[in-house]
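First the structure, in the form of structure tokens, and then the observations on it.
All ligand and atom numbering here is 1-based and tracks the order in the structure. Worth saying up front: this structure is predicted, and the values here are computed from it rather than measured.
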Amino acid sequence: MANITVPTASVTSNPLADELRTARTVRPCVVVIFGATGDLTKRKLVPSLMGLAKDGLLPPGFAVVGFARRAWTDESFRAELADGVRQFGRPDTSSQFDAMADAFSFHQSDFGETAGYVALKQKLEQIDRQRGTAGNRIFYLATPPSAYSSILQNLATTGLSVEKDGKFARVIVEKPFGRDIATAVALNDQVRAAFHERQVFRIDHYLGKETVQNILALRFANGIFEPLWNEKFVDHVQITVAESIGVGSRGGYFEESGIIRDMIQNHLMQVLTLVAMEPPTSLTADAVRDEKVKVLQAIRSFRPEEVDEATVRAQYTRGSFGGEEVKGYRDEEGVAAESTTETYAAVRLHVNNWRWARTPFVLRSGKRLPRRVTEVAIHFKQPPHLLFEGGKPLLPNVLLLRIQPDEGVALRFGAKVPGPDVRIRDVRMDFRYGTAFGGETADAYERLLLDSMLGDGTLFARADEVEEAWRIVDSIVAGWKQSAQRPDEYVAGTWGPERAEQLLLTGRAWRKP
Ligand code: BG6
């Protein structure tokens, strides 16, 4: 895969970077960002590239070309990026950008204009000569999805998508990857008309989060968890992605997507697959993704009449955060006064295989919940015979994987309260990333950009995973469409609608992190 060594010019305090540098090497390349005048480039992509530069992980020959419609120049593009790195980059990355600003250039063209791609090709060849980027290219689609089709077609027509003489050409596709299975399949077809699957990197930024990757390490680098990781011992699994923010200025987009498409189809399903998958035969991209896709295949589509009982959807109404009044969803900009789009959804799923047949997985995600928190809580079954506290059930053991913030792993168990009586109380064993490893945690995009340069697709969604996730989500959306029930309401700043508790079935309760 990789055969050129990464420079070690800059000093780093990031232990992960040290490890990556010795383990893997990146070949020179140019990253072409389509839609480079947008927010993603300024807030995430370029600050993340500068994080990689700081850690000495960029290849020696490296350049970025911003491709967009607006009449920007190299200078105005660089000024905008410098501002982005200052605002959103890791500490000390601004100087990194200043030192390599001339590696960034701007290319103005319409996405549908073939001449613009012909000119791009010439420009890239010139960059290869000047900056030693060796004919390797990564095309990053950071445009609205409506432009994907023209870009893909033009990359194919002009031969830019073709790999030859050992040079690579890869495409990174941002979400949303379709809005249902039909559009996802159509998009996959368009992508495949220009690129082979091994050249395609579909971004789900949750997979780039350190602690999401740690799910695999926890499960498969240890001997003690896996024997318990099944329906014999696990009562149910709760996966929560809660956000305190509302939809803000994205009301128009959100109206069309709702939380089910925006979060559950991608981020929560990805986390679910990592928690539920079988051990892969190796850590190669396809071995891991083969196992992940099997989890989704084992989840049955809902029949429309099952959906009301297995899901809850709701909208936030006006409420308060830390004493400050916040709007209800229907009062947000770009949102219809009678909107039925859900800002909260909870779903009970069953993975129908030998490992999980009787263990429900409950997923929930919402905007304007009390805190920003992402966690996986594995709730274990009660002991078979209850000796203590008069035979009353105690709180179950919970293994908690805290994805963000306050990243770590905790185990809840009962311990005897000191004293003459036999009383049991819950205590916690707690591992915290920050305390154990120190150092700064890199943004998820850093890891994903690096992996795309390395050609490692493990942390990217494969076409079949995306389609399977849509199949499940489509069946929920179809049920909601047919249902006479409207979305419930919850006051902004609370943990969602009452009815979500019923989803867990008797004797269980949602965690309130
Ligand atoms: C994005 C969604 O994919 O993920 C946003 O479109 C959401 O609505 C965001 O806010 C959450 O990401 P993170 O990394 O902040 O948890």
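- A donor-acceptor contact closer than 3.5 angstrom links the side chains of Gln270 and Glu465.
- Residue Thr374 has no N or O atom closer than 3.5 Å to an N or O atom of ligand 1.
- Taking the centre and axis of the six-membered ring of Phe168, the NZ or CZ atom of Arg170 falls inside the cone set by 45° and 6.0 Å.
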Inset, instruction - Take Phe104 and Phe106 through the ring pair (Phe, Tyr, Trp, His ring centres under 6.0 Å) test and state the conclusion after the steps. - result: CA-CA 7 Å; Phe104 290 76; Phe106 189 73; over 10 Å; no
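- Taking every heavy atom of Asp262 and a limit of under 4.0 angstrom, the matching atoms of ligand 1 come to 2 (C), 5 (C), 6 (O), 8 (O).
- The closest non-hydrogen atom to atom 7 (C) of ligand 1, taken over Arg261, Glu243, His267, comes from Glu243.
- Short contacts between ligand 1 and Met263, defined as distances under 4.0 Å to a heavy atom of the residue, involve ligand atoms 2 (C), 4 (O), 7 (C).
- Of the options Lys44, Arg372, Arg250, Lys209, the smallest heavy-atom separation from atom 14 (O) of ligand 1 is shown by Lys209.
- Interface of Lys175 with ligand 1, defined as ligand atoms under 4.0 Å from a residue heavy atom, comprises 1 (C), 2 (C), 3 (O), 6 (O).
- Contact annotation: the side chain of Tyr329 never approaches that of Glu489 to less than 4.5 Å [non-hydrogen atoms, C-beta and beyond].
- Between Tyr344 and Tyr316, the ring center distance fails the sub-6.0 Å criterion.
- Near Lys367, meaning under 4.0 Å from any of its heavy atoms, are these atoms of ligand 1: 5 (C), 7 (C), 8 (O), 10 (O).
- Counting protein heavy atoms only, atom 12 (O) of ligand 1 is closest to His205 NE2, 3.1 Å.
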Legend entry - Check against side-chain hydrogen bond (donor to acceptor under 3.5 Å, both in side chains), Asp286 and Thr284: CA-CA 6 Å; Asp286 275 331; Thr284 59; over 6 Å; no
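- Within ligand 1, the atoms closer than 4.0 Å to a non-hydrogen atom of Gln404 are 13 (P), 16 (O), numbered from 1 in the order shown.
- At a 4.0 Å heavy-atom cut-off, ligand 1 touches Tyr206 through the side chain alone.
- Remark: Lys175 is not positioned above the aromatic ring of Phe177, lacking an NZ or CZ atom under 6.0 angstrom from the ring centre and at most 45 degrees off the axis.
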